[in-house]
Structures are given as structure tokens and as C-alpha cells.
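Read the structure below first, then the notes.
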Amino acid sequence: MALYCKSLTSYERRATLDALVGTHHIGSKWPVAVQTMTNTNTADTDACAEQIDQIAAAGGRIVRLTTRNESEAQNLGPIGQRVRTKWPDVALVADVHFIPAVAAVAATTADKVRINPGNYNDRGGRFEELIDLCRQRGVALRIGVNHGSLAKKIFDLYGDTPEGMAASAMEFLERCRALDFHNVVVSLKSSNVRVMIYAYRLLVKAMNEAGMAYPIHLGVTEAGNHTEGRIKSAVGIGALLADGIGDTIRVSLTESPAAEIPAAQSLVAHYAHRGPCPEFAPVDEAQFSAYEYRPRTSGISPVLWSEVKPEEQEGFEVIEATSDYPVQEWRSKILSTAHAAPIILRRHYTTADYDQFAIEAAADLGVMFIDSLADGIDLRNDNFTQEQIDEIALGILQAARVRISRTEYIACPSCGRTLYDIESTLAAIKARTSHLVGLKIGVMGCIVNGPGEMADADYGYVGGLPDHISLYRGKTLVERNVPMAQAIDRLIELIKADGRWVEKS
């Protein structure tokens, strides 16, 4: 099978095995599940229980917690006992980095354990030990690969690429299958939406060829906050959901964890409320690039329809999608016929909620630019001004990395490892740098998420010791443990020293 999905112009949910996380089933026979992650200290039972209560009240039932050491792994038991007096169906997921022994303890207290394969390239049987512990209690395992933190042997073979991410996951899925352990979910996350989409497509293709059907967890890491963060997440997650791929999702926002739940629910609902897919004309798959970006042959930079002068509009071809399956409809209309003129994608929306509008539009349109199938956007919604609509359209093009019109912030949602107030810090950094169009700035809570997770950022602001920040130029550490009171000034000094600073106009 050349493609990751059965057809570019029809819809079918990818069939998977069933993973059980607490009382929650993850897989193709069930609705796509939503989840989030606490940003409290996992050693603080009261703080975690209070935040999980807020998450559960918002509709979240699968909650991941930072698990840095064996003590925190053990405390997942008391946290679960507290939470389940009010919310008996909440499932707790241990997020483990670096230390296999911590994952082993977490398997005795959590409903699911998330590990990074990069930490398990051992010969001591640690992975097999973890599988045995998970099997004993019916604990699920998430194989969670992150862009920027691949194991050395994978990196040496593939580099820091989507192919390397997929290969890393497949290595450990093969180990799970060899051990006859199948209560497994797999994820491949990146803050670069294009990398994230290609990695998941490559993984699904590899699983199909290997006869595997493990369920998939979707997410874009460090998406940021507000409408921008929702658009970035929706472009990445929506590209996969549109083709029936994805069984549980997290919309990672630099906001309170409870705020992620309605955003994720809106994205899931956008696909769940559809009828049967119409029969669109099939296309030649050879015209379609699923795993790498091919620039448009039209030669024009992506435009907004509102920018095109009336006298120039006849030089474009407007293709409107009116069905519940706009991605399949657009693909069919574009790839089944030759088009001489640049293509504008048009779609009408009716929702009066701005963030929901942004999520729906990003989920529908973003993948079309990831796959280089169009030259512009014509969004319609009578509830908003043209300026508001254009802000969403520009955000979609930026997330797809085809038109850069603003500063990009690769900002993590924070977790129990974060030692500073990342929400207020991100706001302060934005206030001083948002005019630096095209610059990518990583704002990361800890060394786990930076520099690896901000792999393609120009500059990084990374938490280290309490109230101290380390500054990066790309992946290179420039200054370690700068007091927070001075850190933003020093970041700006670094940008200026590199000649990349411009004054606000």
C-alpha cells in the first residue's frame, strides 16, 4: 500500500486494537477520547486532586501527571484514591522520562504509563520488566516518541526526521508484539506541524505493512496559547482525523489544563457529527505527496481572497467544499482535473464561537497546504469581521509553514516539572517580541521539553533551577541559569547581538 490511508477521496476510520486505560477504551470501536496533563507538583496530593477535579468537571477523564522519581510514582496511588471519591472513572497516566525504574513503580499505581523509547535502549531487560508489571495489573503502555529526543542509534541512522520518529516507535511496537503485549497506544509528537503529520503517516504506513493495528494518540507539542495555539493543534490533529487516524487526542495549550478539554472536544465533535462520506471521484495517488513537502508549481505565495483585487480575481480558480468531508471533496476536485490557474479554497462556516470557528477551519484547510494542494484561502462566516476571519486564515497558513506573517512561539503547556509561571512569562515575552515576524522562540518549562522539543526554534527560553532560565540559540546553550528577573532582557540582548532585532514600527 503506497499511502497511509485506503483512499484520498473517501473516509474510513482506521481499524485498531482496543487499549484499556482504567475504565476507558481507546480504539476505533469507540469515540475519540480527549485528555490533558496536570501542571501541579505530583508530590502535592492536594494540588493534584484539586486540579484533576477541575479537569473532570470540564469533561476530561484521562489525566497525565509528571512522574519524575519513584516517590512521585508512588504518590499516584493516593492521588487516585482522592480523585475517585468524586470522579470514579478518572484514569491517571504516569509521564515518565529518563529513568526506567520510575516507570516500573508507576506501573504499580497508574492506569497507563507513558515512556520515551529513547530512554530504553538497554540490555538489562528493563523494558521487559515494565511489560510484565503492566500485564499483571492491566496497565496500558504509551510508546511516546518526541521529535528532538530520539535515541542515538535512531538519530545516527535517520537524523532528527519523521522517518526516525516512525522507526523509533516501530522498534518498540515490535518488542511489544514479540512479548504478546497489546494494551498499547503510540504517539509521535512535534511542535513542527508538518513533521508531526508526516511522522504519523509514516508510522501508520509501517504498521499497515507489518500487520499492526495499535491505537494512536495525536497531539502537537508546544502549540502555544489562545486562538493561535488552537489553530496550530487543529491543523496537525485535524490532518490525521480527516483520514480516520487517531483514537485519543490532547490539545496542548499554555493555559490551564482544564481549558484544553473543550478545545479537544470541539475538534473531536467536528468529525464525530458527520454522516456517510459521499462518493467523490477517485484520483491518481501519484500526484499526491504524503511524506514530504513539494512546493506548488503555481509559483505564487499563498494569499487570502480578501487580498486579491477584484480585477485580478479572474486569474484564480475558486474551489468550494460544501460537504461534511471538505478534505476529501477538495482532493477529488483538485487531483482529478488539471488546473492552470492558482487555486483558492472556499468554505462557509456558521458557528458564532470564534475559537470553534478557528478550530474547524484549521482542521479542514490546514492539511490542504501541508500537502501543497492550494494557493489561497477564502473563509466565510457572517458572524465575524473580515479582519477576524483573515487572522484565522493567516494562522492556518503559518501553522502549515507556507506563509509566515507573525512571530512563532513554541510554548509548552507546562507540567509538574515546570519551575516558573509559564503563562505569565509567555505573555511578557510576546509583549516584547511579537513584532519580530518570522522568528521562532521556544518558551519551555524544563530541560525535558527543551531543547529537544523546540528542535527548530531560533531561540529558547528554558526553565532550569527554580527561578532561573537557560537561554539557547537553536539547540546550543548560550547562557545557563540566568535569574528570571533578567532573563527576558538577556534573551532580547541575544537576539540583538545576532542582528535579528528590529524596533517596533
Side-chain angles (χ1 to χ4, degrees), residues 16-27 29-30 33-38 40 42-43 45 48-49 52 55-56 60-117 119-120 122 124-145 169 172-187 212-217 247-248 250 415-416:
T16 74
L17 299 174
D18 192 27
L20 187 63
V21 182
T23 61
H24 301 277
H25 294 269
I26 306 296
K29 295 179 182 178
W30 308 89
V34 302
Q35 55 183 279
T36 184
M37 184 174 184
T38 61
T40 46
T42 309
T45 304
C48 289
I52 294 170
I55 292 166
R61 291 296 187 274
I62 302 175
V63 184
R64 186 156 45 108
L65 297 91
T66 299
T67 312
R68 295 173 292 184
N69 51 50
E70 293 185 27
S71 176
E72 288 186 350
Q74 291 168 344
N75 201 44
L76 294 175
I79 291 170
Q81 291 174 359
R82 282 278 302 277
V83 168
R84 291 180 185 120
T85 59
K86 183 176 181 180
W87 306 100
D89 60 339
V90 165
L92 301 186
V93 182
D95 188 67
V96 180
H97 282 272
F98 304 129
I99 308 173
V102 174
V105 175
T108 68
T109 57
D111 299 297
K112 181 166 75 171
V113 178
R114 183 266 180 172
I115 62 163
N116 186 331
N119 304 141
Y120 270 88
D122 64 296
R126 290 293 187 91
F127 185 73
E128 288 71 18
E129 176 190 359
L130 176 61
I131 293 299
D132 285 343
L133 290 167
C134 288
R135 198 193 310 272
Q136 289 171 24
R137 290 187 60 245
V139 173
L141 180 69
R142 175 174 149 203
I143 305 296
V145 179
F172 279 78
L173 293 177
E174 291 284 7
R175 292 176 72 174
C176 288
R177 182 161 68 174
L179 294 165
D180 196 25
F181 181 79
H182 305 290
N183 196 17
V184 176
V185 180
V186 60
S187 68
M212 290 181 180
Y214 295 108
I216 287 178
H217 170 123
D247 306 288
T248 181
R250 181 194 176 191
C415 66

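Index from 1, following the sequence.
Here the side chains of M37 and T66 are in contact, with some heavy-atom distance below 4.5 Å. Two residues are said to be in side-chain contact when any heavy atoms from C-beta on lie closer than 4.5 Å; L65 and I52 meet this criterion. Proximity of V185 to L141: side-chain heavy atoms (C-beta onward) are nowhere separated by under 4.5 Å. Inter-residue side-chain proximity for F127 and P117 is flagged as unmet; no heavy-atom pair is nearer than 4.5 Å. Side-chain contact between V102 and R68 is absent, with no heavy atoms from C-beta onward closer than 4.5 Å. Y214 is listed as a side-chain neighbour of R177, based on a closest heavy-atom distance under 4.5 Å. With contacts defined as side-chain heavy-atom distances shorter than 4.5 Å, the pair T38/V63 qualifies. You'll find the side chain of Q81 stays beyond 4.5 Å of the side chain of T85, heavy atoms only.
With N183 contributing its side chain and L20 its backbone, the two residues share a donor-acceptor pair below 3.5 Å. In this structure, the side chain of T109 engages the main chain of A73 through a donor-acceptor pair within 3.5 Å. Panel note: side chain R82, backbone C48; no donor-acceptor pair is recorded below 3.5 Å. Put simply, the side chain of N75 gets close to the backbone of T42: a donor and an acceptor are under 3.5 Å apart. R114 contributes a side-chain N or O that, together with a main-chain N or O of G144, makes up a donor-acceptor pair within less than 3.5 Å. With hydrogens and angles disregarded, a donor-acceptor distance shorter than 3.5 Å links the side chain of D247 to the backbone of I216.
Considering every non-hydrogen atom in both A104 and E129, the closest pair reads CB-OE2, 4.1 Å. Closest heavy-atom contact between F181 and V139: CZ-O, 3.5 Å. Nearest heavy atoms, A106 versus A94: CB-CB, 3.5 Å. H24 and D89 make their closest contact through NE2-O, 2.5 Å (heavy atoms, listed as atom of the first residue, atom of the second, distance).
Side-chain contact of T248 with Q35: a donor-acceptor pair under 3.5 Å is present, judged by distance alone. Between S187 and R142, the side chains place a donor N or O and an acceptor N or O closer than 3.5 Å (distance only, hydrogens not considered).
The structure places CD of E72 at 11.5 Å from CD of E70, a figure rounded to the nearest 0.5 Å. Taking NE2 of H217 as the start and NZ of K112 as the end, the distance is 6.5 Å to the nearest 0.5 Å. Atom CG of residue L76 and atom OG1 of residue T45 lie 9.5 Å apart, to the nearest 0.5 angstrom. Separation of atoms OG1 (T16) and NE2 (H182) is listed at 13.5 Å; rounding is to 0.5 Å.
Using cut-offs of 30° and 60° for the angle between ring planes, the Y120 and F172 rings count as perpendicular.
The side chain to side chain contact (heavy atoms under 4.5 Å, CB included) search around R84 returns L92, D111, not counting sequence neighbours. Every residue meeting the side chain to side chain contact (heavy atoms under 4.5 Å, CB included) condition with A107, not counting sequence neighbours, appears here in chain and number order: V113, L130, L133, C134.
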